[in-house]
Visitor: 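Here it is, the structure, as structure tokens.
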Amino acid sequence: MKDDARSEMRRYAIGAVLSAALTLLAFWAVMSHGMARSTALWIVGAAALAQIVVQMRCFLHVGSSSKREDLHLILFSLVLGTLMVGGTIWIMSSLHDRMY
Amino acid sequence: MRASGPAALRGIGLRGVLAALALAAAPGAAGAQITFLDPAGPVAASQRDHLIFVTGMTMIAIVPVLVLVPLIIWRYHRRKGSGRYTPHDHLYRPDWQFSGPLEVVMWGVPFAIVAVLGWGLWHDTMRFDPYKPLGPDPVEVQAIGLDWKWLFLYPDEGLATLDRLVIPEDRPVRIALTTDSVMQSFRISALAGQIYAMPGMRTEVNVMAERPGTMRGENMQYSGRGFPHQNFAVQVLPVDGWDEWTGTESWRVLDADAYAILGRRSTASEAREDLGLLPDEPARFRLEGPDLFEAVIARYHQGRPVPPAAQPGSPAYEAFAHEGRESDG
Amino acid sequence: MSSSAHPGINLGGGDPKAQRESETPAFGFWVFLMSDLIIFGVLFAHYVVMTGARAGGPGPSTLFDLRSVAAQTFLLLASSFTYGMASLALKHQRQVRPVAIWLIVTAALGAAFVLLELRDFVNMVGEGGPPQRSGFLSALWALTGLHWLHVTAGLVWIATMLALLSRFGLSDRNKTRLLLLGLYWHFLDLIWIGILSVVYLGGLA
Amino acid sequence: MADPIFGRLDWTVTPFDDFFRDPSINEGVAAAAASAVPLGAVAVIAFLTWKGLWGPLWRDWLTSADHKKIGIMYFVLAGVMMLRGVLEGAVMRTHQVTALDGGVLSAEHFAQLFSTHGTIMIFFVATPLITGLMNYVVPLQIGARDVAFPVLNQISLGLTAAGAGLVMISLVIGKFGTGGWTMYPPYTGTTFSPGPGVDYWVWAIGISGIGSTLAGINIAVTIYKKRSPGMKFLRMPIFTWTSLCTAIMMIYAFPALTVSTAMLALDRSLDFRFFTNDLGGNMMQYANIFWMFGHPEVYIVVLPAYGVFSEIAATFSAKRIYSYNSMVIATSAIAVISFTVWLHHFFTMGQGASVNAAFGIATMIIAVPTGVKVYNWMATMFRGRVRLSVPIIYLVGFFFLFVFGGLTGVILANPTIDYQVHNSQFLVAHFHNVLIPGVLFGVLAGVHYWFPKAFGFRLHEGPARLEAYLWFGGFSLAFLPLYWLGLMGMPRRSASYDNPAFEPAMWLAVVGAAMVVGALGVAIWNFWASARDREALACPVGDPWDGRTLEWSIPSPPPEYNFYALPRVNTVDAWTVEKAVGHPYEMAPRYTDIEMPRSTAMGVVIGGASAAMGFAITWWIWWLAALSFAVIVAALIARAFVRETTRTIKAVEVEVAHRAFLREASRTPAVGRDDEIAPDNLGHARPAVPA
Ligand code: HEA
Ligand code: HEA
Ligand code: CUA
Ligand SMILES: [Cu+2]
């Protein structure tokens, strides 16, 4: 019981520290000015994805022990969200190019 | 119907039926061609052919439904007193629920049809992108959608027409579209399909007429009370007629005042009255500068709001224009 | 923790009845959050599409104050962590007091976030960037404003939760509510990561 | 301009005022329609007071959290709205026969008609019919006592009713918008439509859209979490499968509607620049976001109808559904692919050819799973013993008519052809051709099928057949000629036309519309006549059609808690198998206490406050908007403090009720299918396949 509490506590702490580190990394990429815009954007994007994964695992406890239906739900949502966001950007950039 | 070469041979069958259908509606439009089933240019003709192709292909999947449903009902419907299931019943198999070959047909045939249709779709969509020029040296036309009329500009000729599009025969025409009002949709069915026209934006459609005549064009996107009247005649002139037409001087000028009148919510015939045109005088203008079309688009990109009173087509503009006219007079 | 728990559910084997009763609401709330995620997704897409639609109005470099954004980010992250502490207290200490204290800390951090961002909003209006100024600004305000409203609603929820705790103690229904509130709060942090990366950092990169 | 108390509301906003100033046919129709609403309301109030029904209405219906009652209330709501929608359709058709260069109505009035008609039919007829059907049937089919969140269910209904109420109010106070059911800006922005009409649409749709999202969540979670022991996913009835897919689509599609509507609201009320002409607004994004919802919506309403056809094809052929697994795969495929095709509603906006081609092909792919479903129903009837009862008649009508709607859908999916027929009457014909033979026929078949379950008596068969034939004839006359008009170029939403050759088609269409109104009359008469003869049509034992799924194992109407003991399921078509090889109508080994939700006024309060809020914002009555919003928040918080939310039904009570039911079942003679529509059919079926 007590062990449980300690290991869970540690999990939250790890999550918080990792999140903070990733956030700092992203800020650094943008504020250091030394870097090409696209490199900075890649770093920001990767840090964001990593942080989402970290928080999902450490704060929301999504993982291999979750119920199957929850994983399905999250994956399905990601697929549909990607379709909608990606589709919108594709369509609108095509329109943008052709309506100078 | 144009009947040349192989088209005439294939003119029987579906194409003939479509042509007859088209003919049934022709008298009303005073000789004007109103539909792509009776095409006057290559784009519309291919659209009609594509329609026939798709209809024919889908019949492969649909006719069996129409034929088999009555057969199944006739053979398997329950007759009074046919009682209970007996193990050797050859007609009634309550547990029959799967057949591998049948599955293959059920999934396979629609899939094959869709594959063929999809190939045709890809091919035609790429080939008839409305932005794609139909040949070198097109005539440039610009169309501005107003409530509820179309204004056509011929920048190279320095001309403008209201509610009449004049183009030469057998020469590609590039029509740039925008509106100075709400979203509209520009279509000349006998020549090509529709494309939206939107304020502050420029879209495009390329057409070509293969013979002289008159066609109907219109706005297809609902835009208010006068919407059903927002149509226009397309007049296709033989090449020398076109030269003559563009060569004729116009004494009316499309100045700011005239454009302000056109911007009001009125149908073309109401606008003609407001402009003081005689009943059968063509609504034809000389352009003051070459860039009215660009100016109309630029209105919406100034970084300043366009207040309703300055927005053609809006009720506030209407009230404003009305007041303006009262105080003028 | 039981071998197949819903994400965020953390009552554990020590409290099987409450765990079981919270299953359906927790799943339902997840589904709701996913629906909400689509709302944010569409607004993100709209924001990306509209980044160029400034209409001569101010853009990210004049509007954004990265120091304030950084402060907000860490406030929200800290509040997510303190909410985690509240869940642990709920699971292992099983007393109202520690849970309530952690909730109050979370609410305080959240309130600081809300106020800081509110100040940014006011500043944006001062810089000539109200939502009425351009398509870009409308999209920006819609996205950040909606998140702001979510956090504010979360604060109201925490306040209600405190009242419920003082009235009913750690009843099974309150435990379920604490779990759902936790999902909500962590979810808002996830959305904020998106806003931070796409809007603020992406806009200034 | 806006008064602090009344906003922009004053006496000139009613159509009566217009009628007194301009007593024309046009204004007369408007004033008559406007009178119908208050008169109808007064009549209903008078009737309820006279019969002393207020108490029962409040206690047994409005505050009930029972999914069965909520399902029925969805139907009542949809029925009332449908009356208006159908009449509007008929008025539009009447207008169009006279519309050669004119017409009896003004162009403005015609525009309001197609806007309210489309809005009502999609959001307040088709959607609530489908939601009501799922609400009623799904828990019964999966062996559950109620939905996962009964109070939330009531709130969803309240929100839908609030939206419907706003549309009805717009008939009397002010006018509805004229932008069609899609309400594209900039036409619907304040610059071009300054009045309150578009705001009515925005708030009606915004509020009811949230209700639909919540309903979707509820149904999906119910199916995930409340299935009876042993009911694995691949043992669920097909209707439940289609409901699951529909619910999931609601969860993911309605948010897009909420966003596009909220953006339009912000543009209109707070002067935002999402879709305006100036300052970087982008109206194309409205079309894009709206159709991200709009396309899935049409499959949301059609999938459960497909589910109904699956149930009745099997039941009335007395045979298993052909290829259950294909059916499940096809249903899921339609649901997922429907999120990848939305652009086909604006092929003509100007984007590049590869975008159009990709979305066009994605659209066509949906024809494959749909075709599989159609063929599966045919194969289900094949080698069956098909009873040509009313539901099967609708299925046959569906086969013949729907395939043409599907065919024209495939035609529209080709961008090059769509450039021609987009926005034309061809499109009008297409969507009525899928909505009526697809959705409405499905719902009508479902109503005929499940009506005895809900009310304990069957509907008369004869009038129902007449009604079905009127539907087929009326529909065909009313809509098939529109294909021709569309190919001839006639745009949709045209208040008038100038080609006399169009008139004959218009005459056919008005005759068709009259037949359809006749069908509706027969339907209403049949409800009344069947209720009158309910003794002779009674089927209390609950299995009048020799059904195959769990809902037929319980009495009609079912007890509040649905099942005396939760059934154990180990196959598809559980009830058929039970009847053939098991022990139908037997006592359970053990009964337990049942907890059922208590009645609550949450739905009424939240629905009422939302309607008030929408009305207030429409008319700029800001104090009322703030007050209503506060009421909503306060009600939600207060609800959290309610301690007793459930009520326990004792195990003995359940056991006694079950014993009584079993006694009745064993006393009732089992009837064979020859006597299905005879008075002898008291709902105890003699199975077609003996043990
Ligand atoms: C479900 C959707 C639905 C249904 C049923 C209908 C039904 C009808 N519609 Fe439809 N219509 C639309 C959806 C629908 N419509 C939409 C979305 C538009 C576009 C609006 C726009 O432009 O934005 C439109 C537009 C539209 C137009 C305008 C076309 C144009 O743009 O030019 C017209 C013109 O006449 C028309 C006619 C009719 C008629 C005569 C009927 C009916 O008379 C046909 C008969 C239908 C019924 C009679 C319903 C009966 C139902 C039952 C009997 C079920 C009963 C069950 C219980 C309650 C238990 N409709
Ligand atoms: C219940 C409603 C419903 C249903 C089921 C459908 C089904 C389909 N629809 Fe329809 N549609 C609408 C309602 C619906 N639609 C509405 C309301 C609009 C207009 C909205 C507005 O603008 O106001 C619209 C508009 C619309 C458009 C836009 C047109 C335009 O605006 O220009 C398109 C274009 O692709 C389209 C396509 C399809 C296709 C491919 C299907 C397919 O799902 C059809 C599949 C079915 C079959 C094909 C028949 C059965 C199959 C077989 C028997 C065998 C296999 C067949 C083949 C292999 C071909 N629809
Ligand atoms: Cu419309 Cu670009
Ligand atoms: Cu669609």
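Throughout, protein chains are lettered first and strands after them, A, B, ... in sequence-line order, and every chain is numbered starting at 1. As a basis for the values below, the full set of heavy atoms in this structure was taken, side chains included, without hydrogen atoms, waters or symmetry mates.
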Visitor: More than 12 heavy atoms of other residues, nucleotides or ligands under 6.0 Å from CZ of B:R164: is that the case?
Guide: no

Visitor: Is the count of non-hydrogen atoms from other residues, nucleotides or ligands lying under 6.0 Å from A:F76 atom CZ greater than 12?
Guide: yes

Visitor: Mind checking the CG-CZ spacing from B:D129 to A:R98? Nearest 0.5 Å is all I need.
Guide: 4.0 Å

Visitor: For the atom pair CG (A:L95) and OH (B:Y196), what is the distance rounded to the nearest 0.5 Å?
Guide: 11.5 Å

Visitor: Going by the ring pair (Phe, Tyr, Trp, His ring centres under 6.0 Å) test, which pairs reach into residues 155-181 of chain B, not counting sequence neighbours?
Guide: none

Visitor: Mind checking whether A:M99 and B:T203 have side chains closer than 4.5 Å, heavy atoms only?
Guide: yes

